[in-house]
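A quick write-up on the structure given underneath.
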Amino acid sequence: MTMVSGQTEERSEIAFFDLETTVPTRTGQGFAILEFGAILVCSMKLVELRSYSTLVRPANPSLISPTSVRCNGITYDAVISAPSFSEIADTVYETLDGRIWAGHNIQRFDCVRIREAFAEIGRPPPESKGIIDTLALLTQKFGRRAGDMKMASLANYFGLGKQTHRSLDDVRMNLEVLKYCATVLFLESSLPDAFPEKSWISPNATTRSRKNGKSPLEEHSTSAEAPFSSSKFESISLGGVRAEGSHPIISLLTSVGSNTTPSDPFDMATLSNEINTDTVQKDVSMEERPLTEESSELPLSMTVPEAGSGDPGFLEPEEVSISSIRVSFVPLFHGIQRMVLLHENVSLQLCSPRLRVRFGLSTKFIDNAGRPRLSFVVDAPPSLCHVLDACDAMAQKFSVESGSSSDWKHVVDRRPGYANYPKMRLHIPTAVNENVAKYATELYQKDASGATQRLVFSKFDPAELDTWLIPGTFLDAYVALVPYDYQQNAGIRLVAQKLVIHQE
């Protein structure tokens, strides 16, 4: 298909676009665009004005693996005679530049891939007037009534058919889903007293079909630790369109103010405020609390608890009673829930002494501000494995029963070659205060005499921190157990709240 000429000079249309790409099969492998599709939508009437789609021949067609084909059905034979990205770059640029961009999960994926593709051919990328990421927007405004809020789940919720995972079909489905969501919100807001609290929760709002079992991969998904774009969620302008009194979808789109930024879903610096045990509900119905992914709208700040004498609140593995562990949801805001692990109705946090560092600091992934996400790997002793395995099994069962179809990543790593030497990854969160980053984990040094002193770093410098986490070093770890469910990956993340590094 070709783009029809005659666009208006003010470029007030909204450009809904979607990419289909290869799926990386090994660490360090990038994404290659296989298909680009876009529609230009009138922001006044929300009707499609023009469309464009094309398959794209990647520079290295061998990247089209069986995993990639299972994701979107695009084969080597289908793209071998298609134009390269450099051949369609002019049309892509003309379609996107100076317009509002819209799409599902585009902020962290499609926008990044577009910029990468233009960089690879040595051209400046198109610039948006604003970005509407419908995953973040609908998660915030529509709640979790459609389960994990992926496009396939939303389409199923509204009976719009199956997602094809082809670019043009997906953007048209995206627009229809947005219209349906906006209409429901419009009706609810018109008669708020007539809609009882939580009336929107549907017994079918799950990501797993009870008849068909696990759903296929539903998004351009990377690993749970995949790098994200460093750009912020931009304020939205509709090219002079008046929002007040207009179509409900316009009100929905313009309701996202300039101060709305999607926080890093793996920014663990939010957890102390989120896991407030005073808010834990003792009797939580799973039908009324759909499982949440690690949301892109989590707050950005945290208050790290002071590590007092004896470190109250942290249990050694031997102090944990497996029968006293349970999994529940606690409310956050806007109908969002977070899964938590509790021990005797208190958030479960563990202290494990003398863990041996297996692999030093990893900085290969970055957050949405461009800072590295810090983590390292330690050996997992049997007593700790016993507790973590129990938590893992309970959380995975609760996740499945709550409707998640995400792939579960076990917290204790027993991959081939390490069966007799289980290991686990500890994460060091970053706290930001007035744009100044620092480690949210308390870090201490313990010398051979047993004297302990706090380590103070003048700046956020992972290279300096790495010198303290040398393989073979022993440390005491105080960790929070944080369940997550994001981009088809789920599990429990071990977030270090305090580390005592032994200098022996």
Side-chain angles (χ1 to χ4, degrees), residues 267-280 302-328 330 338-358 374-395 411-412 422-431 438-446 450-455 465 468-469 473-484 491-503:
D267 181 359
M268 293 303 140
T270 64
L271 300 172
S272 295
N273 288 335
E274 292 172 16
I275 305 176
N276 181 342
T277 55
D278 291 337
T279 65
V280 174
M302 95 174 268
T303 302
V304 179
E306 291 293 332
S309 175
D311 295 292
F314 293 89
L315 301 176
E316 293 196 18
E318 294 78 7
E319 299 176 300
V320 176
S321 169
I322 300 301
S323 61
S324 297
I325 299 174
R326 70 183 184 91
V327 189
S328 182
V330 295
R338 175 175 285 279
M339 186 198 295
V340 294
L341 285 157
L342 305 172
H343 183 265
E344 296 180 350
N345 292 326
V346 176
S347 179
L348 178 59
Q349 300 182 102
L350 296 175
C351 166
S352 190
R354 291 192 62 80
L355 297 178
R356 181 179 179 274
V357 176
R358 173 82 67 87
L374 306 178
S375 65
F376 63 100
V377 175
V378 297
D379 292 330
S383 60
L384 184 57
C385 287
H386 178 63
V387 174
L388 293 178
D389 288 343
C391 292
D392 205 56
M394 293 180 199
V411 65
V412 177
K423 61 185 186 296
M424 58 190 184
R425 183 173 295 275
L426 304 185
H427 297 260
I428 299 177
T430 302
K438 63 178 182 179
Y439 308 117
T441 302
E442 293 185 8
L443 297 161
Y444 293 83
Q445 174 190 1
K446 184 176 183 180
T452 302
Q453 66 179 44
R454 186 162 184 171
L455 296 174
L465 180 58
W468 291 91
L469 299 173
T473 300
F474 287 91
L475 54 81
D476 304 333
Y478 299 77
V479 299
L481 281 67
V482 184
Y484 66 90
I492 297 172
R493 185 165 274 102
L494 301 177
V495 181
Q497 306 235 20
K498 175 182 173 181
L499 297 173
V500 181
I501 303 168
H502 294 207
Q503 297 292 298

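Because the structure is a prediction, the values reported are computed rather than measured. Hydrogens, waters and symmetry mates play no part in the numbers below; they use all other heavy atoms, side chains included.
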TODO: Check whether any side-chain N or O of T441 sits under 3.5 Å from a backbone N or O of A496 as a donor-acceptor pair, and report yes or no.
DONE: yes
Task: L342 vs V327 side-chain heavy atoms within contact, under 4.5 Å - done: no
- [ ] For residues P353 and D476, report the shortest heavy-atom separation together with the two atoms involved.
- [x] CA-OD1, 3.3 Å
Task: L475 vs V500 side-chain heavy atoms within contact, under 4.5 Å - done: no
Open item on the list: Looking at every heavy atom in both A480 and Q497, which two are closest together, and how far apart are they?
Closed with: CB-NE2, 3.3 Å
Open item on the list: Run the side-chain contact (heavy atoms from CB on, under 4.5 Å) test on H427 and F376 for me, step by step, so that the C-alpha distance in whole Å, both residues' side-chain angles and the decisive distance to 0.1 Å come before the verdict.
Closed with: CA-CA 7 Å; H427 297 260; F376 63 100; over 6 Å; no
Task: Beyond-backbone contact of P381 with L355, side-chain heavy atoms, under 4.5 angstrom - done: yes
- [ ] Could you pull out the closest heavy-atom pair between G313 and Q349, with the gap in Å?
- [x] O-CB, 3.5 Å
Task: Step-by-step side-chain contact (heavy atoms from CB on, under 4.5 Å) determination, M424 to L494 - done: CA-CA 8 Å; M424 58 190 184; L494 301 177; 3.6 Å; yes
Task: Flag side-chain contact, heavy atom, 4.5 Å: L348 against C391 - done: yes
Task: Y439 vs L374 side-chain heavy atoms within contact, under 4.5 Å - done: yes
Open item on the list: Measuring from atom CE of M394 to atom CE of M339, what distance do you get when rounded to the nearest 0.5 angstrom?
Closed with: 13.0 Å
Open item on the list: I need the minimum non-hydrogen distance between V479 and F314, along with the two atoms involved.
Closed with: N-CE2, 3.8 Å
TODO: Quick one: closest heavy-atom pair of V387 and I322, and the distance?
DONE: CA-CD1, 4.1 Å
Open item on the list: Please list all pairs meeting salt bridge (Lys or Arg N to Asp or Glu O under 4.0 Å) that have one or both residues in residues 346-357, counting only residues at least two apart or in different chains.
Closed with: R354-E504, R356-D379
Open item on the list: Nearest 0.5 angstrom please: E319 CD to L350 CG, how far?
Closed with: 10.0 Å
Task: Separation of K498 NZ from R454 CZ (nearest 0.5 Å) - done: 9.0 Å
Task: side-chain contact (heavy atoms from CB on, under 4.5 Å) partners for Q453, two or more places apart - done: Q445
Task: Residue list, side-chain contact (heavy atoms from CB on, under 4.5 Å) with D392, at least two apart or on another chain - done: W408, H410, V411, I492
Open item on the list: Under the criterion side-chain contact (heavy atoms from CB on, under 4.5 Å), I'd like the reasoning laid out for S347 against L341: C-alpha separation, chi angles, the key distance, then a yes or no.
Closed with: CA-CA 6 Å; S347 179; L341 285 157; over 6 Å; no
Open item on the list: For a 4.5 angstrom cut-off between non-hydrogen side-chain atoms, does V320 reach I325?
Closed with: yes
Task: Test log, rule side-chain contact (heavy atoms from CB on, under 4.5 Å), inputs S375 and L426 - done: CA-CA 5 Å; S375 65; L426 304 185; over 6 Å; no
TODO: With rounding to the nearest 0.5 Å, note down the distance linking CD in E316 to OH in Y478.
DONE: 7.5 Å
Task: Check: L455 and W468 side chains under 4.5 Å, non-hydrogen atoms - done: yes
Open item on the list: For R358 versus P422, what's the shortest heavy-atom pair and its separation?
Closed with: NH2-O, 4.0 Å
Open item on the list: Is any side-chain heavy atom of L499 closer than 4.5 Å to one of I428?
Closed with: yes
